[in-house]
Number of protein chains: 2
Amino acid sequence: MDIQEGKQKFIESWGKMASDWGINRTMAQVHALLLVAPDALTADEVMDGLSISRGNANMNLRALIDWGLVHKKLKSGERKEYFYAEKDMWKVVRQIIIHRKKKELEPMLKVLDEVAGVEANCPQSESFCTVVKDIRTLSQKADKTLDTLIKADSSWFSTIFYQMVR
Amino acid sequence: MDIQEGKQKFIESWGKMASDWGINRTMAQVHALLLVAPDALTADEVMDGLSISRGNANMNLRALIDWGLVHKKLKSGERKEYFYAEKDMWKVVRQIIIHRKKKELEPMLKVLDEVAGVEANCPQSESFCTVVKDIRTLSQKADKTLDTLIKADSSWFSTIFYQMVR
DNA sequence: TTTTGTTTTCAAAAATAATTGAAACCAATG
DNA sequence: CATTGGTTTCAATTATTTTTGAAAACAAAA
């Protein structure tokens, strides 16, 4: 397998995985393309590289910037924008955690808190109260853990992983 | 908020969260419905409870069984099947990890291994090799960690969480 | 064997999500 | 200011995913 084929496979696979996780496939492919690019790319290069339209490229580049996974670079004397991906994988993981926590975990937690109002005057509906309480406890733990992870640095990350796998 | 309204909110929210994570919304709603149900439900009760068709209910109940999140129960003397959800949240988390790891992490890891063939005769394309190597290392760590998690019991789970949040 | 109650299947329809492309916009330059 | 090179927007289209519902399959009971 040569580099070109390898890149191709990587981009495809990264896109597939993302779409399994509810993330736009093309967004992930743009991300992958930038990850394996030796230098920052222009919107046109992204369009060509993935055979997608200008609108699509633009939308997904913006989304990636919004997620904090891609940055813009302006070359002096040039008018067009260049895009490059954050390549420190620990930063990448952290950005993804920050984004998904905010958009998905926190709203769920909010609902669980609301619903916990019911839980207060419990035994009426045993299983409902128990389940909500359990999920809420678990989610709160997850929330706190993620907060810690977000604040932690890369070496700490390795340390905890090492601990976990013994 | 009364219990009915609480259940409703919970089911909606569980479904929303699932669809954010690339899981069929209705599947998650069926799961939520069964989680908060005091007893096992029939397919018809699920259909009524969520206003969905028989085919849809059947498909998603099967999928939940496949994920190991729901079980079938046959009441003696009765012809129809009853369904109930696993309510031990640690088991639920574990089943989800098992399923998603197999379907999503492992295929990605396989591709990374293949692509690592390119990595072998590296410096040709610096960034590609570095990125692939980093992601591969990270994925392998995640894979091992999840294996440990899967084997671990609930108390261990709490312990590690406790450690993480200090 | 036939009837009856139930589950399963799957092609077609509906709903949802992603993509296109051309027009509008923006700002640097002549 | 008008032009040029580039970015953004978004209604319409296209692709993908989900759902329906009726027919087929199954299996217990008559």
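Heavy-atom basis, side chains included; hydrogens, waters and symmetry copies ignored.
Under the rule for a salt bridge (Lys or Arg N to Asp or Glu O under 4.0 Å), A:K75 has no partner lying at least two apart in sequence or in another chain. With sequence neighbours left out, the side-chain hydrogen bond (donor to acceptor under 3.5 Å, both in side chains) criterion links A:N24 to no other residue. By the ring-ring contact (aromatic ring centres under 6.0 Å, His included) test, B:Y84 is found to be paired with B:H71, residues two or more places apart in sequence or in another chain being considered. Qualifying side-chain hydrogen bond (donor to acceptor under 3.5 Å, both in side chains) partners for A:T130, counting only residues two or more places apart in sequence or in other chains: A:E126. Judged as a salt bridge (Lys or Arg N to Asp or Glu O under 4.0 Å), and not counting sequence neighbours, A:K133 has no contacts.
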Considering only nitrogen or oxygen atoms on both sides, find all protein atoms under 3.5 Å from nucleotides 1-6 of chain D and state each distance.
unit_1, atom_1, unit_2, atom_2, d
D:dT4, O2, A:R79, NH2, 3.0
D:dG5, N3, A:R79, NH2, 3.2
D:dG6, OP1, A:K80, NZ, 3.2

Please write out each protein N/O paired with an N/O of nucleotides 23-26 of chain D under 3.5 Å, distance rounded to 0.1 Å.
none

Short N/O separations, protein against nucleotides 12-14 of chain D, under 3.5 angstrom:
none

The test is side-chain contact (heavy atoms from CB on, under 4.5 Å); show your working for B:W67 and B:M27 and say whether it passes.
CA-CA 11 Å; B:W67 280 59; B:M27 169 171 155; 3.5 Å; yes

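The pair A:K87-B:D134 does not meet the salt-bridge criterion, since no charged nitrogen lies less than 4.0 angstrom from a carboxylate oxygen. Using a cutoff of 4.0 Å between basic side-chain nitrogens and carboxylate oxygens, A:K102 and A:E106 are not scored as salt-bridged.
Ring geometry, A:H31 versus A:W14: the interplanar angle falls from 30° to 60°, so the pair is classed tilted.
Between chain B and DNA chain C, the heavy-atom contact criterion of under 4.0 Å yields a 5' to 3' nucleotide range of C:dT4 to C:dC10.
A residue-by-residue look at A:I52 and B:K72 shows that B:K72 has its nearest nucleotide of DNA chain C further toward the 5' end. Each of B:M59 and A:M59 was assigned the nucleotide of DNA chain D with the nearest heavy atom; the assignment lying further toward the 5' end belongs to A:M59. A residue-by-residue look at A:G77 and B:N58 shows that B:N58 has its nearest nucleotide of DNA chain C further toward the 5' end.
Atom-to-atom, CG of A:L64 to P of D:dT8 comes out at 13 Å; the value is rounded to the nearest Å.
Rounding to the nearest 0.5 angstrom, the gap separating the CG atom in A:L61 from the CE atom in A:M47 is 10.5 Å. Atom CD of residue A:Q95 and atom CG of residue A:L64 lie 11.5 Å apart, to the nearest 0.5 angstrom. Put simply, CG on B:L50 and CD1 on B:I11 are 6.0 Å apart, with the number rounded to the nearest 0.5 Å. If you take CD1 on B:I150 and NZ on B:K101, they are separated by 5.5 Å, rounding to the nearest 0.5 Å.
Residues from residues 14-43 of chain A lying near DNA chain D, meaning a heavy-atom separation below 4.0 Å, are absent.
Within the structure, salt bridge (charged side-chain N to carboxylate O under 4.0 Å, His left out) pairs that include any residue of residues 45-69 of chain A comprise A:D44-A:R54, A:R62-A:E81 (at least two apart or interchain). Among pairs with a residue in residues 8-33 of chain A, those fulfilling salt bridge (charged side-chain N to carboxylate O under 4.0 Å, His left out) read A:K9-B:E114, A:K16-A:D20, at least two apart in sequence or across chains.
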